[in-house]
Number of protein chains: 2
Amino acid sequence: MTTIRDVAKKAGVSVATVSRFLNSTGYVSQEAAEAVSAAVAELKYELNPVARSLNTKKSNLIGLILPDITNPFFPELARAVEDIALTYGYTVILCNSDEKPEKEKNYIETLKKKYIAGFIVTSNQSDAPHYANANLPIVALDRIINEKIPTISSNNKEGASLGTKALLDRGCKNILFLRGPEDLNPANDRYEGFMETIQQVDANYHVVSCPFHFADSQKIVEQMLRDHPEIDGIFASSDVSAAGALKAAALLGIAVPEKLQIVGFDGVALGEMLTPGLTTVAQDVYKMGAIATRVLIKRIENQEIDHQFYEVPVKLVLRGTTRSGIE
Amino acid sequence: MTTIRDVAKKAGVSVATVSRFLNSTGYVSQEAAEAVSAAVAELKYELNPVARSLNTKKSNLIGLILPDITNPFFPELARAVEDIALTYGYTVILCNSDEKPEKEKNYIETLKKKYIAGFIVTSNQSDAPHYANANLPIVALDRIINEKIPTISSNNKEGASLGTKALLDRGCKNILFLRGPEDLNPANDRYEGFMETIQQVDANYHVVSCPFHFADSQKIVEQMLRDHPEIDGIFASSDVSAAGALKAAALLGIAVPEKLQIVGFDGVALGEMLTPGLTTVAQDVYKMGAIATRVLIKRIENQEIDHQFYEVPVKLVLRGTTRSGIE
DNA sequence: CTAGTATGTGTAACCGGTTACACAACTATA
DNA sequence: TATAGTTGTGTAACCGGTTACACATACTAG
């Protein structure tokens, strides 16, 4: 392995000059620069990032902390983070937290020892002093940790309003809202959006809390549809829940979208694979991940960031679980 | 930050003794051990992994190279790798290769500079000298790179046979086999398994190549069902393709499973969310990832491994796209 | 003409570990 | 009793970079 000393010798300068040239720090004469450049090329010198880390106390590692990569929302996010990180020369470490503060804390401490550059965090823990005190660049997704930590989020409230209107516009009079976990910020924003919209019109509605889990949602919806046959529209706070609702309807022999219309939230690939295709409020997950990564890297590199809060717009995607015409 | 020198001073010994104690290398007297142990506890000393890496030229980083985490097969794999790695004190770096040898090579080189401990590779590139020459512990999933690299794979051929039989046993006489990409090892094993099984019985069949992609599969199947209305069973080499087939059938108004039965391959979560639920040959993806990680860590730590080739059994999961009784 | 600033470079300490080697003391063997 | 082997420890070099500081030269302004 060629070291900076080999390069210095070959170029006839000191290691300090080589280092200055490589890092564009301090003065280096034209002459010296060329000599070093030539030596680097000739020796095929490549800087050792570990040695550098040891005294700069920095690395180009980014930690991505998410609850569970297995949850269909996260792979696309991870993909975006990795893509963008790569273009800036950063490497992504995957951390599944299972929402456990203990695990998150553990990752943060382990990776701090490796001089990790920063973290992107997707978590629903309402309180997280280990983030606030981490003393590291952090960007949050979907949840505000504190006012100093930039946050990227979908426009959940607006999205919920869109989804609700989609059902109302298509004639629904009795809407079931599948509310997500109550300790989850984005789910609560969606709840607010639904409530504000539904209360402006003359329609009945039910709200049921329901985890973002297929089988549970299916069971809950099945029971609701049995107890309340008048329900003619379901708005689920996640696509997975919506899939559960669709399955429940199928099992009960309720025609979708003729007798019951369903709208989901997320826009994951699953939606188009269902029959009928799932109408949903689609988040631009890739974009969220991309923005989060760019913001984080700016923070890492001490550049100014434009905002503390980025809201990514959502989009209504109409498919087969809603009727085509607006009544 | 407390260093090994602080500990040495506190314990009244040399840094060498501290290091020997921490690494269990060389001789350390009972007395010295206790003094060091006490000093470590008192100073809350934690070893700096970067400094260690610099001269051992080793780290506890594992690279996970996969085509695209967005593909529903991989999140569970990634999860397994991360879980197991964590229990052994390793950290996982996520690398999306998009099947491009260039990207893979780039990751390998970048991470080698960080003294990465080893790689788990899921790739379909048939030729990969950069792996063979990487001079690092590597474990392959689903594909044999060369005889020196341990490989973990599902029993694809056996699985294909199972899936084919499931259709035959339920009365299918005209089976469409959706073969996967032809440059993909596991897909070819499944093809072989299908062919061997179907040729032993008196049944018609068609074979069509078809990427593991929903919309493409749907189109291909739609066309095939139009051209060959006699088809009464479809065996897809992946669940995503099977989902496409199911959608095609729905669009054409063909009753599943009454007129057409469908079996997929993979066992991803999507299967149970479809209506009817997808009968499939399920791979134990988590187990594959777990085994791969354990084998890799054994290689990293120079322990003996049991086999060069691990075949993980598959399981037929019966759901609604096949009829319940065997005829 | 001189002080002050910008330009340019090298020496050597430092980041925080590991380890080769030298050396001491003690035990076992012939 | 001489010799070899085992146990135990410390010094200092080393991994491969960065950077504080000292020093030298050239240029500018007063």
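In what follows, chains are A, B, ... by sequence order, proteins preceding strands, each numbered from 1. Small disclaimer: the values here were computed from a predicted structure and weren't measured.
Other residues, nucleotides and ligands place no more than 12 heavy atoms under 6.0 Å from the CG atom of N135(B). Enclosure of atom NZ in K112(B) by more than 12 non-hydrogen atoms of other residues, nucleotides or ligands within 6.0 angstrom is indicated. Atom CD of Q30(A) has 12 or fewer neighbouring heavy atoms from other residues, nucleotides or ligands inside a 6.0 Å radius. With a 6.0 Å radius and a threshold of 12 heavy atoms from other residues, nucleotides or ligands, K287(A) has its NZ atom at or below the threshold. Heavy atoms from other residues, nucleotides or ligands lying under 6.0 Å from CD of E31(A) number 12 at most. Within a 6.0 Å radius of NZ in K103(A), other residues, nucleotides and ligands contribute more than 12 heavy atoms. Other residues, nucleotides and ligands place more than 12 heavy atoms under 6.0 Å from the NZ atom of K113(A).
For the pair I138(B) and P150(B), the minimum side-chain heavy-atom distance is 4.5 Å or more.
Interface residues of residues 24-41 of chain A facing DNA chain D, ordered by number: none; criterion, heavy-atom separation under 4.0 Å. At a non-hydrogen distance threshold of 4.0 Å, L54(B), N55(B), K57(B) from residues 54-61 of chain B come into contact with DNA chain D. For residues 106-118 of chain A, proximity to DNA chain D is found at no residue, defined as any non-hydrogen atom under 4.0 angstrom from a strand atom.
F21(B) comes within contact range of no nucleotide atom at all, as no heavy-atom separation falls under 4.0 Å. Counting non-hydrogen atoms under 4.0 angstrom, S19(B) reaches a base of the nucleic acid. Across all strands, V50(A) comes closer than 4.0 Å to no nucleic acid atom at all (heavy-atom distances).
The rotation axes computed at either terminus of the helix from dC1(C)-dG30(D) to dA30(C)-dT1(D) lie 40° apart, taking five pairs at each end and rounding to 10 degrees.
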Tabulate atom names and distances for all N/O pairs under 3.5 angstrom spanning the protein and nucleotides 24-26 of chain D.
none

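Of the possible donor and acceptor atoms, one in the side chain of D6(A) sits under 3.5 Å from a partner among the backbone N and O of T3(A). Panel note: side chain S59(A), backbone Y115(A); a donor-acceptor pair is recorded below 3.5 Å. With hydrogens and angles disregarded, no donor-acceptor distance shorter than 3.5 Å links the side chain of T110(A) to the backbone of I108(A). In this structure a side-chain-to-backbone donor-acceptor pair under 3.5 Å is present from N96(A) to I69(A). Within the 3.5 Å criterion, the main-chain N or O of R52(A) finds a donor-acceptor partner in the side chain of T56(A). The main-chain N or O of E102(A) is never found under 3.5 Å from a side-chain atom of N106(A) such that the two would form a donor-acceptor pair.
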Evaluate side chain to side chain contact (heavy atoms under 4.5 Å, CB included) for T70(A) paired with F74(A), printing each intermediate quantity in order. CA-CA 7 Å; T70(A) 275; F74(A) 295 114; over 6 Å; no
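A salt bridge links D83(B) to R79(B): one of the charged nitrogens lies within less than 4.0 Å of a carboxylate oxygen. Ion pairing between a basic and an acidic side chain is recognised when a charged N comes within 4.0 Å of a carboxylate O; K298(B) and E304(B) show no such pairing.
When the options T91(A), N60(A), N48(A) are evaluated for a side-chain hydrogen bond (donor to acceptor under 3.5 Å, both in side chains) with K114(B), the one that passes is N60(A).
When each of T17(B) and I4(A) is assigned the nucleotide of DNA chain D with its nearest heavy atom, T17(B) is the one assigned upstream, toward the 5' end.
Scanning DNA chain C 5' to 3' for nucleotides with an atom closer than 4.0 angstrom to a non-hydrogen atom of chain B gives a first and last hit of dG16(C) to dT19(C).
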